There are 2 protein chains.
Amino acid sequence: MSSRTTESKATLHDVAARAGVSIATVSRALNGLPVSAKSMERVQKAAQEVGYVANLAARALRSERSHTMGLVFFDLHSTMGVELLDALSETIEDAGYSLLVSTARGDTRRFDRLLRRLLERRVDALFCVQARGQSEILARYHAAAIPVVAAITGAGAFSEMPLVSPSIGEAADTLALRLRELGHGVVGLVQRGASSTFLARIGRALAAHDIRVESLGCEDGGNMGELVRGPMARPDAPTALIALSADAQALLAACDARGMRVPDEVSIVGVGTGSGGLAGERVLSHLLVDPHRLGGAVGMAMLSWLAGAAPAKRVAVEIGTWVPRATTGRAPVA
Amino acid sequence: MSSRTTESKATLHDVAARAGVSIATVSRALNGLPVSAKSMERVQKAAQEVGYVANLAARALRSERSHTMGLVFFDLHSTMGVELLDALSETIEDAGYSLLVSTARGDTRRFDRLLRRLLERRVDALFCVQARGQSEILARYHAAAIPVVAAITGAGAFSEMPLVSPSIGEAADTLALRLRELGHGVVGLVQRGASSTFLARIGRALAAHDIRVESLGCEDGGNMGELVRGPMARPDAPTALIALSADAQALLAACDARGMRVPDEVSIVGVGTGSGGLAGERVLSHLLVDPHRLGGAVGMAMLSWLAGAAPAKRVAVEIGTWVPRATTGRAPVA
DNA sequence: CTGTTAGCGCATTCAC
DNA sequence: GTGAATGCGCTAACAG
């Protein structure tokens with residue numbers, strides 16, 4: 001049976017028969033290679049009628065290019081994981097690639113297995129997010145001339161790969177500069193539990209601008225109310241506080257409850273993506289982090305690489321933006 | 001040239017030559033089909049030496065099974081997106097499948113293009129998260145006998161597909177029961193900005209247990225301090241408050257700052273995944289939501305389907321757990 | 001148990 | 001421009 005009208009799987013052969021041309025002409029027409037206008041038209045019509053759907057597996061086998069890229073997370077739950085995925089997938093899909101995604105869930109052995117799998121799938125390129133471990137499979141990728149780029153972070157063997165990582169350096173500098181201009185000489189960095197890279201970077205920017213940094217680490221379970229009653233009540237207390245969004249939020253609530261006016265008595269700055277669904281972020285001054293940019297940059301880096309342009313060993317992508325709002329103002333005069 | 005030692009791409013043929021057996025025997029050995037112990041050993045050794053890496057594109061072409069599944073998000077940023085991805089990928093990878101992931105970013109036309117692409121990739125199965133739209137491509141999947149399941153939500157043409165969705169019904173009932181037992185007759189549901197499905201479900205559970213539900217909707221930017229000073233100061237105020245984690249957190253801070261004792265004067269319950277990095281969650285009573293379970297269930301449903309067991313039209317996966325901690329106690333006597 | 005053989009669907013070379 | 005023919009790497013009959 002060779003003339004099925006809408007059977008599940010039609011091949012180039014079926015389309016060719018229907019269009020009255022050769023299978024080669026169909027292939028050319030469907031791939032944009034030069035064919036006569038007449039052939040083109042008949043092929044497209046036939047393909048439509050027969051319900052032709054290209055078989056990318058066959059195409060990959062023949063052309064030695066899978067038009068597929070692999071994305072492996074050492075741990076999906078890491079910061080910026082989703083955003084990176086979102087932006088990266090958009091970027092490469094628009095270029096005609098599909099993305100095979102997988103997570104090692106923090107397991108090094110699993111990570112290796114995944115890399116192996118992607119090698120079998122003949123991915124055209126590989127992204128590793130926060131990769132670590134001594135993966136000797138990396139050598140296979142090298143041998144097969146499959147480009148590999150590390151994103152966010154790359155340790156062990158992966159530190160040899162081109163790395164595209166996020167940075168909030170510029171925004172942090174801007175923030176420090178503004179706070180300085182507003183007269184803030186002492187700024188508190190409120191940290192809760194695990195320390196944040198972002199806050200650390202901001203701390204350095206502040207110091208570079210001659211602002212004294214006071215680290216206000218809450219104990220686990222400690223709450224913002226204590227902070228406002230304790231350290232902030234001292235005469236030489238910071239005139240501005242910087243904290244991750246959720247904490248800044250709580251801080252604002254605590255100040256409000258204690259009758260401490262913001263920003264008249266103290267300025268508050270949140271740090272984060274602003275996607276937490278916290279309505280208060282519209283009012284909170286923010287160092288806004290947009291991880292989406294990172295994904296785009298990572299994808300672009302790979303596409304240029306495939307186009308022949310070898311990437312830099314280290315690329316920093318600025319993902320921060322300073323967004324002043326109502327919670328920051330001039331420092332109160334002592 | 002047929003004897004390359006570690007050249008980038010060795011084929012079954014190379015391994016066969018090296019092992020001194022036929023290509024078919026190599027295929028069998030590598031796929032776990034019955035071969036003599038001696039053959040098995042020689043093949044494995046040869047494969048190792050030659051650096052053989054299976055070509056899944058060829059395998060797929062020949063066997064008509066790609067061992068690949070597609071996962072399409074209507075919008076990746078939706079609730080539980082990552083968790084679902086994480087758990088789903090683990091489940092199906094352990095079964096030997098790889099996952100092609102993509103996002104429509106809320107664009108219906110893009111969504112259709114993605115489905116088309118996955119059809120070309122000959123995925124063995126398809127997952128659609130929060131799919132909507134009239135996608136007539138769905139018919140192609142049906143015609144090709146490719147199983148499709150909707151996750152979380154499915155509208156339009158996708159409402160015809162088997163749906164696996166999350167539920168916190170049992171946990172909500174448990175919560176309501178406990179609050180009742182503790183003597184809470186009036187409970188406040190604190191909602192900020194967009195309304196939460198979870199809170200709505202909890203509200204119904206409370207009502208079903210004869211608890212009066214008071215909806216305390218904060219305006220955008222309104223903060224918890226006002227809530228504590230206002231509605232909560234009334235004589236017939238709720239004796240317990242339920243809010244999404246971040247809000248509950250702020251609520252706790254506000255109460256603390258206003259000298260309102262928890263849980264003596266008011267009980268507080270957070271609702272959420274507990275993955276926000278908010279240290280206070282260790283102390284806050286929670287209706288813990290674990291979207292991870294959803295992904296596992298979705299993957300399992302598909303695997304059983306492929307194994308022959310048609311899935312139910314609608315499957316609800318309980319993802320809630322009641323975790324009592326220090327912020328809930330007996331209702332104060334008036 | 002093993003080897004031989006025949007395609008899977010497609011891109012591409014080489015004649016015309 | 002077009003068609004016939006070749007083979008990408010592999011699995012699945014089919015004989016031995």
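All values derive from a computational prediction rather than experimental measurement. Throughout, protein chains are lettered first and strands after them, A, B, ... in sequence-line order, and every chain is numbered starting at 1.
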Could you give the [atom1]-to-[atom2] distance, from [X] to [N], as a whole number of Å?
{"X": "B:Y52", "N": "D:dG9", "atom1": "OH", "atom2": "C1'", "answer": "7 Å"}
{"X": "A:K9", "N": "C:dC8", "atom1": "NZ", "atom2": "C1'", "answer": "10 Å"}
{"X": "B:D14", "N": "D:dC8", "atom1": "CG", "atom2": "P", "answer": "11 Å"}
{"X": "A:H13", "N": "C:dG7", "atom1": "NE2", "atom2": "C1'", "answer": "13 Å"}
{"X": "B:K38", "N": "C:dT2", "atom1": "NZ", "atom2": "P", "answer": "9 Å"}
{"X": "B:R42", "N": "C:dT2", "atom1": "CZ", "atom2": "P", "answer": "10 Å"}
{"X": "A:L33", "N": "C:dC10", "atom1": "CG", "atom2": "C1'", "answer": "13 Å"}

Open item on the list: Taking the side chain as everything from C-beta on, heavy atoms only, tell me whether B:H292 gets closer than 4.5 Å to B:D86.
Closed with: yes
- [ ] Please determine, by modelled atom types, if A:Y52 and A:R18 share a side-chain donor-acceptor pair under 3.5 angstrom.
- [x] no
Open item on the list: Under a plain distance cut-off of 3.5 Å, with no hydrogens placed, do B:Q130 and B:S78 share a side-chain donor-acceptor pair?
Closed with: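 B:S78 vs B:Q130: donor-acceptor pair found between side chains.
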- [ ] For the helix from C:dC1-D:dG16 to C:dC16-D:dG1, measure the angle between the helix axis at one end and the axis at the other, each built from five pairs, rounding to 10°.
- [x]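 Here the local axes at opposite ends form an angle of 30°.
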Open item on the list: Determine whether the aromatic ring centres of residues A:F111 and A:F158 are separated by less than 6.0 angstrom.
Closed with: yes
Salt bridge between [X] and [Y], side-chain N to carboxylate O under 4.0 Å?
{"X": "B:K45", "Y": "B:E49", "answer": "yes"}
{"X": "B:E64", "Y": "A:K9", "answer": "yes"}
{"X": "A:D94", "Y": "B:R110", "answer": "yes"}
{"X": "B:R105", "Y": "B:D75", "answer": "no"}

Task: Upstream residue (5' side of DNA chain C) when B:V35 and B:E64 are each assigned their closest nucleotide - done: B:V35
- [ ] Mark yes or no for whether A:D112, through its side chain, and A:S135, through its backbone, hold a donor-acceptor pair below 3.5 Å.
- [x] no
Task: Positions of residues 21-31 of chain B (non-hydrogen atom under 4.0 Å from DNA chain C), listed by number - done: B:V21, B:S22, B:A24, B:T25, B:R28
Task: Straight-line distance of B:T68 OG1 to B:L118 CG, nearest 0.5 Å - done: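 Answer rounded to 0.5 Å: 10.0 Å.
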TODO: Find the distance between OG1 (B:T108) and CZ (B:R113) and round it off to the nearest 0.5 Å.
DONE: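 Answer for the OG1-CZ pair, B:T108 versus B:R113, is 11.0 Å.
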- [ ] Please list, by residue number, the residues of residues 56-63 of chain A whose heavy atoms come closer than 4.0 Å to an atom of DNA chain D; answer none if no residue qualifies.
- [x]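 Result for residues 56-63 of chain A: A:L61, A:R62, sorted by number.
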